[in-house]
Colleague: 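Quick one: structure below, then a few questions.
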Amino acid sequence: MTDTMQINLDIIPTFADVLAAAERMAEHAVHTPLLENARLNELTGGRVFLKMESLQRTGAFKFRGAVARLSQLADEGVGAVIAYSTGNHGQAIATAARIFGLEATIVMPSDAPKSKVARAEAAGAQIRFYDRRTESREEIAAQICAEKGGVIVPPGDDPGIIAGQGTAALEALRDLAARGYAADFLVTPCGGGGLAAGCATVLREISASTALYAAEPAAYNDTQLSLAARKRVEVPDRSARSICDALLAPIPAELPFKINVGALAGVVTATDDEVRRAMRFALDELKVLVEPGGAVALAAVLAGRPDLRGKTAVVLCTGGNVDADIVAELF
């Protein structure tokens, strides 16, 4: 059996891996739209194209990495997978496991949004809850793996997952080029850093002049702190709270940070109030529901971080799984 310690964190995914992931997921994942909005352009002073991964299968970009990686594992004869997740990775793994006939166990925080838990359960996964402030999800997953067998599929520290997430940037840049534009900036929400690392892998190959920015909650800015220190740094207060439940990683994942430390032009942050305004903007202007963590990049650019005046940018809206009580707070 395989556990998370056996993943080789020295293997850096390549652009060829992203292309292979795109082929593996072609019949399963949604090619999500790239939207431009006149009001958003007016407010930012640039041309902003939103990659709407909130419309992806399972409601988040995480399905890309999950289906790409689990298709590989199914081909290798693996029968069971274990994942730890704040919600979106978990329900993506659960759905991909059902597609490929694998047993799935998901380790989720006890305060995960009810909608995310319900969708993972509906896909057939077994759920093991934990306290994100006092327990280690990695240790729990390792224990389950030791007891039951299977393969641990982490949300970031897996080259196959990173390659799958990179397909979001691949689609966006190809669609943008088809409209006659090139991106000066790409801004993506960031928790553990897997999506940013996948984007970096694509940009390095086909759009090296594009500045890559990660966006984080102001209260959980571990990647910003780590980039400044040039090493992985934990947030000073793990008890800090944010509406962005999907992005509450206390420290960047190891493999993504190896990529991101040399690829990110910077990290921007947004407060919870700015995130709420961005969610309301998406509803009012785009008629699309974006979850808090999925809206943090949009929130940052609406606040002028980074400065997009006179520039062209791709901004990822990475998920749309949010409980009704959070939506009610917007009105």
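These numbers were taken from a predicted model, which means no experiment stands behind them. Numbers here simply count residues along the sequence, with the first being 1.
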Colleague: Kindly check if the number of other-residue, nucleotide or ligand heavy atoms within 6.0 Å of NZ (K258) is above 12?
Modeller: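 Yes, NZ of K258 has more than 12 neighbouring heavy atoms, counting only those of other groups under 6.0 Å.
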Colleague: Less than 4.5 Å apart, side chain to side chain, heavy atoms only: is that true for N37 and F281?
Modeller: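 They are in side-chain contact.
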Colleague: Taking the basic N atoms (NZ, or NE/NH1/NH2) and the acidic carboxylate oxygens, is any pair closer than 4.0 Å for R174 and E171?
Modeller: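 Salt bridge between R174 and E171, a charged N being under 4.0 Å from a carboxylate O: no.
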Colleague: Salt-bridge test for E36 and R179: reply yes if a basic N is under 4.0 Å from a carboxylate O, no otherwise.
Modeller: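 A salt bridge is absent here (no side-chain N lies under 4.0 Å from a carboxylate O).
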Colleague: Does T167 reach the side chain of F61, with side-chain heavy atoms less than 4.5 Å apart?
Modeller: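 T167 vs F61: side chains apart.
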Colleague: Within the structure provided, determine whether V81 and F100 are in side-chain contact (heavy-atom separation under 4.5 Å).
Modeller: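 Sidechains of F100 and V81: no contact.
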Colleague: What pair of heavy atoms forms the shortest contact from D157 to P154, and how long is it?
Modeller: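 Taking every non-hydrogen atom into account, O-CG, 3.3 Å.
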Colleague: Can you tell me how the ring of F185 sits relative to the ring of Y213, calling it parallel under 30°, perpendicular over 60° and tilted otherwise?
Modeller: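 Taking Y213 first and then F185, their aromatic rings sit tilted (interplane angle of 30° to 60°).
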Colleague: For P155 and R137, which heavy atoms make the closest approach, and how far apart are they?
Modeller: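 P155 and R137 have their closest heavy atoms at CG-NH2, 4.0 Å.
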Colleague: For the residue pair S115 / D323, report whether a side-chain donor-acceptor contact shorter than 3.5 Å exists.
Modeller: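 Looking only at side-chain atoms, S115 and D323 do form a donor-acceptor pair, the distance falling under 3.5 Å.
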Colleague: Would you say that more than 12 heavy atoms from the other residues, nucleotides or ligands in this model lie under 6.0 Å from the CD of E27, or not?
Modeller: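 It does not: E27 CD has 12 such atoms or fewer within range.
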Colleague: Any side-chain heavy atom of I162 within less than 4.5 Å of one from L255?
Modeller: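 Touching, per the 4.5 Å side-chain cut-off.
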Colleague: Identify which one of L50, V187, T32, L195 satisfies the side-chain contact (heavy atoms from CB on, under 4.5 Å) criterion when paired with L316.
Modeller: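 The option that passes is L195.
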Colleague: To the nearest 0.5 angstrom, please state how far the NZ atom of K116 sits from the CG atom of N88.
Modeller: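 Here the rounded value is 4.0 Å.
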Colleague: Decide side-chain hydrogen bond (donor to acceptor under 3.5 Å, both in side chains) for E147 and Q143; before the verdict, give the C-alpha distance in whole Å, the side-chain angles of both, and the deciding distance to 0.1 Å.
Modeller: CA-CA 6 Å; E147 294 173 353; Q143 180 181 0; 3.2 Å; yes
Colleague: Do the non-hydrogen side-chain atoms of R276 and D272 ever get within less than 4.5 Å of each other?
Modeller: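 Yes. Closest side-chain heavy atoms under 4.5 Å.
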Colleague: If you define the side chain from C-beta out and look only at heavy atoms, does anything of I140 sit under 4.5 Å from E135?
Modeller: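 SC-SC contact between I140 and E135 confirmed.
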Colleague: Around atom CZ of R309, are there more than 12 heavy atoms from other residues, nucleotides or ligands closer than 6.0 Å?
Modeller: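 No.
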Colleague: With a 4.5 Å cut-off on side-chain heavy atoms, are L227 and N260 touching?
Modeller: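 No - every pair of side-chain heavy atoms lies 4.5 Å or more apart.
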Colleague: Between Y130 and Y84, does the ring centre distance come in under 6.0 Å?
Modeller: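 No, too far apart.
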Colleague: Judged by atom type as modelled, is there a donor-acceptor pair below 3.5 Å linking the side chain of D184 to the main-chain atoms of T312?
Modeller: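 Judged by distance alone, yes, a pair lies under 3.5 Å.
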Colleague: In Å and rounded to the nearest 0.5 Å, what is the OG1 to CG distance from T188 to L212?
Modeller: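 One finds 7.5 Å between OG1 of T188 and CG of L212.
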Colleague: Do V288 and S54 have side chains that get closer than 4.5 Å, going by heavy atoms?
Modeller: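 Yes, close enough: below the 4.5 Å cut-off.
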Colleague: Do you know which two heavy atoms are closest between A214 and C190, and how far apart they sit?
Modeller: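 Closest pair (atom of A214, atom of C190, distance): CB-CB, 3.7 Å.
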Colleague: Does D245 come within less than 4.0 Å of R132, counting only side-chain N to carboxylate O?
Modeller: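 The answer is no: the pair does not qualify as a salt bridge.
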Colleague: Return the set of residues passing side chain to side chain contact (heavy atoms under 4.5 Å, CB included) with E139 (not counting sequence neighbours), or none when no residue passes.
Modeller: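 For E139, the residues satisfying side chain to side chain contact (heavy atoms under 4.5 Å, CB included) (neighbours in sequence not counted) are S136.
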